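The structure displayed is predicted, hence computed values, not measured ones.
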Amino acid sequence: MSQFLLKALLLLLIFHSHSLKSTIHNPNLDESLTYIWPLPSQFTSGNNTLTVNPNLTLDFTGNAGSGSVVVEEAFERYKKIIFKHGANKLAKAGDYYDVNRVTVIVHSDNDELQLGVDESYSLLVTKNNERSIIGGVSIEANSVYGALRGLETMSQLCIFYYGIKTVQIHKAPWFIQDKPRFAYRGLLLDTSRHYLPIEIIKQIIESMSYAKLNVLHWHIIDEESFPLEVPSYPNLWKGAYTKWERYTVEDAIEIVDFAKMRGINVMAEVDVPGHAESWGAGYPDLWPSPSCKEPLDVSKNYTFDVISGILSDMRKIFPFELFHLGGDEVNTSCWTTTPLIKQWLQDHNMTAKDAYQYFVLRAQEIAISQNWTPVNWEETFNAFPSKLNPRTVVHNWLGGGVCPKAVAQGFRCIYSNQGFWYLDHLDVPWEEVYYVEPLEEIKNISEQKLVLGGEVCMWGETADASDVQQTIWPRAAAAAERLWSDKEATSSTNTTSAALQRLEYFRCLLTRRGVPAAPVTNFYARRPPLRPGSCYEQ
């Protein structure tokens with residue numbers, strides 16, 4: 001802890017009793033609970049209420065002494081969220097407020113966003129008075145992205161009270177020290193099965209920041225459609241559903257930039273050799289034959305030339321160090337039944353399984369040549385673990401037990417067990433999403449560190465712009481807390497009722513912010529409420 005916050009904390013302990021006692025209570029909420037989602041690592045709170053000035057100002061101090069566009073824009077966004085009610089637009093002359101400014105101290109001026117960036121922060125909330133060297137909200141972080149997480153937490157502490165038409169912070173003074181449990185906290189978004197407009201993708205990214213998720217896994221392309229522009233091979237997006245359901249290069253860059261301003265990386269996926277039938281709409285030679293259209297033709301160098309061109313163009317769009325190469329659900333029957341490929345297999349003394357390995361490893365080499373770290377679905381690890389590039393990140397999905405095997409062999413792993421974290425499985429209740437453990441009984445500390453984190457997957461077969469957000473939320477938030485918060489603070493089965501009430505509160509926070517989050521306790525996710533009632537009891 002810095003001397004700055006240490007002094008502030010000591011003064012808090014001495015003088016917090018001078019603050020205004022809280023008299024605002026919501027009879028429907030258990031006030032012993034902490035309604036911050038995800039739950040911070042360490043925190044203390046008091047029993048006082050502070051008023052917040054609608055003319056709240058930002059005082060930023062960076063390592064280089066200059067401002068930060070990332071922090072400044074985030075502060076303006078959160079001000080709009082906190083003071084969205086018209087009565088709070090401007091403070092009146094003579095009005096007194098306990099909290100008038102937000103002080104943000106960032107110890108690095110490096111705003112590069114990569115896996116493992118420091119997202120830790122300290123947050124102090126105390127009253128302005130003559131005894132305190134610090135009044136208002138103070139956030140200290142090692143990076144601008146830690147400051148973003150602190151601003152999100154601050155925004156969740158700010159509540160508009162209708163009776164007095166004022167924003168207040170309840171249970172002050174607050175002192176929070178927080179950091180994520182896992183570096184990778186992801187959401188997969190599938191824009192191949194149904195095209196999602198750019199504004200919908202941006203809304204989803206914005207909502208991810210509310211739950212402190214930090215990776216958008218953009219499953220752009222699949223067998224159904226190829227919506228992305230690839231300048232090197234301009235006919236590829238002939239595989240889009242229509243000419244209106246496409247993403248230009250500029251669209252993709254805009255999404256990546258939008259995400260970065262919210263501390264979210266974008267990991268693109270090009271799933272090969274299976275799930276690629278749509279490629280042939282523009283380049284039929286990529287199909288094994290006109291009647292047998294996937295996997296991609298393993299026998300032609302041209303196939304790998306196209307992959308190289310796609311990845312070269314995408315490298316100019318996606319700066320994140322991880323790139324997903326898929327590799328799942330590969331049915332090789334087209335290779336063994338197409339005469340030219342069958343002959344190629346015989347000439348190279350390969351079985352279909354050998355060819356699958358050859359294809360995956362060659363695609364990995366292309367990605368690595370573009371300075372990417374390859375991510376592959378678990379089938380590649382299950383089929384030929386000793387042949388995979390040692391830099392490979394294994395992405396679990398089929399079931400449990402894969403990450404323990406992967407990390408035991410020195411691979412890094414991402415957890416997405418479909419039984420719990422596939423959001424298109426509408427009958428998986430929130431508590432199963434919440435209590436699953438990404439470390440899966442991995443006891444060795446060095447092996448635990450190889451589990452990068454996890455990801456909930458929003459596959460798009462039955463989700464489009466009309467229902468995707470209520471399918472994602474609020475269950476994705478349950479996984480977000482598992483990935484951010486300390487296991488000991490959130491894993492006891494005795495906390496189920498508390499976690500439910502906190503998650504219902506967060507779901508209502510999402511809806512207040514314009515996110516169409518479904519009720520928490522529906523038997524089938526994304527369905528509307530069954531009866532009249534409070535948002536906080538659904």
Side-chain angles (χ1 to χ4, degrees), residues 114-115 184 217-222 226 228 230-233 236 265-276 279-280 283 285-288 294-332 334-335 341 344-345 347-396 402 406-407 409-414 450 452:
Q114 284 291 354
L115 182 68
Y184 185 109
H217 173 178
W218 192 0
H219 189 87
I220 312 175
I221 303 155
D222 211 289
F226 196 118
L228 181 67
V230 178
S232 296
Y233 291 90
L236 279 169
N265 281 299
V266 180
M267 177 178 70
E269 179 175 359
V270 173
D271 194 344
V272 293
H275 291 276
W279 299 32
Y283 296 96
D285 285 349
L286 294 170
W287 289 333
E294 64 179 16
L296 295 168
D297 191 337
V298 66
S299 69
K300 295 175 182 173
N301 285 326
Y302 173 69
T303 300
F304 298 96
D305 291 341
V306 173
I307 293 173
S308 181
I310 294 171
L311 268 59
S312 178
D313 285 351
M314 293 179 78
R315 197 62 174 113
K316 300 168 187 173
I317 302 171
F318 300 99
F320 190 39
E321 66 194 71
L322 301 182
F323 189 89
H324 210 301
L325 290 167
D328 61 314
E329 298 181 320
V330 179
N331 181 346
T332 58
C334 275
W335 291 348
I341 300 178
W344 182 88
L345 292 174
D347 292 345
H348 289 79
N349 196 28
M350 284 188 189
T351 65
K353 183 179 178 180
D354 294 334
Y356 169 46
Q357 174 185 306
Y358 165 81
F359 200 116
V360 168
L361 297 184
R362 191 163 172 184
Q364 284 195 337
E365 290 174 1
I366 294 170
I368 291 169
S369 73
Q370 296 288 342
N371 199 30
W372 262 320
T373 296
V375 183
N376 283 98
W377 294 110
E378 68 173 70
E379 286 96 325
T380 59
F381 171 79
N382 296 336
F384 42 89
S386 64
K387 302 298 183 180
L388 285 174
N389 188 286
R391 294 170 57 184
T392 302
V393 177
V394 178
H395 195 167
N396 154 247
V402 173
V407 299
Q409 296 188 44
F411 292 103
R412 292 179 292 172
C413 192
I414 296 169
L450 294 176
L452 298 180

Exercise for the section: Apply side chain to side chain contact (heavy atoms under 4.5 Å, CB included) to Lys387 and Val360, showing your working. Expected result: CA-CA 10 Å; Lys387 302 298 183 180; Val360 168; over 6 Å; no
Exercise for the section: Take Trp335 and Tyr358 through the ring pair (Phe, Tyr, Trp, His ring centres under 6.0 Å) test and state the conclusion after the steps. Expected result: CA-CA 13 Å; Trp335 291 348; Tyr358 165 81; 9.1 Å; no
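- In this structure, the ring of His324 has its center no less than 6.0 angstrom from the ring center of Trp218.
- Leu361 has its side chain within reach of Phe384: a pair of non-hydrogen atoms, C-beta onward, lies under 4.5 Å apart.
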Practice task
Check the pair Phe323 / Gln370 against side chain to side chain contact (heavy atoms under 4.5 Å, CB included), numbers first and verdict last.
Solution key: CA-CA 10 Å; Phe323 189 89; Gln370 296 288 342; over 6 Å; no
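- When every heavy atom of Ala355 is checked against every heavy atom of Leu345, the shortest pair comes out as CB-CD2, 3.6 Å.
- Without hydrogens or angle criteria, Ser369 side chain to Ile366 main chain gives a donor-acceptor distance under 3.5 Å.
- Between the side chain of Glu329 and the main chain of Gly274, no donor-acceptor pair closer than 3.5 Å is present.
- Rounding to the nearest 0.5 Å gives a distance of 7.5 Å between CD1 of Ile341 and NZ of Lys300.
- Contact check for Met314 versus Trp372: side-chain heavy atoms found under the 4.5 Å cut-off.
- For the side-chain hydrogen bond (donor to acceptor under 3.5 Å, both in side chains) with Gln364, the qualifying choice from Thr373, Asn389, Asn376 is Asn376, the only one to do so.
- Shown are Trp377, Phe359, Tyr356; of these, the side-chain contact (heavy atoms from CB on, under 4.5 Å) with Val330 is made only by Tyr356.
- Contact annotation: the side chain of Trp344 never approaches that of Asp297 to less than 4.5 Å [non-hydrogen atoms, C-beta and beyond].
- Between the side chain of Arg362 and the backbone N or O of Val298 there is no donor-acceptor pair closer than 3.5 Å.
- Listed here is the closest heavy atom pair of Glu379 and Gly327: CB-O, 4.0 Å.
- Val407 and Cys413 make their closest contact through CG1-CB, 4.2 Å (heavy atoms, listed as atom of the first residue, atom of the second, distance).
- With Trp279 as reference, Ile307 is the one residue of Ile307, Asp285, Thr303 to meet the side-chain contact (heavy atoms from CB on, under 4.5 Å) rule.
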Practice task
Given side chain to side chain contact (heavy atoms under 4.5 Å, CB included), test Leu286 with Tyr233 step by step and report yes or no.
Solution key: CA-CA 12 Å; Leu286 294 170; Tyr233 291 90; over 6 Å; no
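- Separating the NE2 atom in His275 from the CD1 atom in Ile221 is a distance of 13.0 Å, to the nearest 0.5 Å.
- Of all heavy-atom pairs between Ile368 and Pro374, the closest is CG1-CD, 3.9 Å.
- Note: Ile317 CD1 to Ile220 CD1 = 7.5 Å, rounded to the nearest 0.5 Å.
- Considering CG of Asn265 and CG of Leu322, their distance stands at 8.0 Å, rounded to 0.5 Å.
- The heavy-atom pair separating Asn371 from Arg315 by the smallest distance is O-NH2, 2.9 Å.
- Among all heavy-atom pairs drawn from Glu378 and Val394, the shortest one is CA-CG1, 4.1 Å.
- Within 6.0 Å of CG on Asn349 lie no more than 12 heavy atoms contributed by other residues, nucleotides or ligands.
- The structure places OG1 of Thr392 at 11.5 Å from CD of Gln409, a figure rounded to the nearest 0.5 Å.
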Exercise for the section: Determine, step by step, whether Thr380 and Leu388 satisfy the side chain to side chain contact (heavy atoms under 4.5 Å, CB included) criterion, reporting the C-alpha distance in whole Å, the side-chain angles of both residues, the deciding distance to 0.1 Å, and the verdict. Expected result: CA-CA 8 Å; Thr380 59; Leu388 285 174; 4.1 Å; yes
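- His217 NE2 to Phe320 CZ: the interatomic distance, rounded to the nearest 0.5 Å, is 10.5 Å.
- For the residue pair Asp305/Ser308, the side-chain donor-acceptor check at 3.5 Å is not satisfied.
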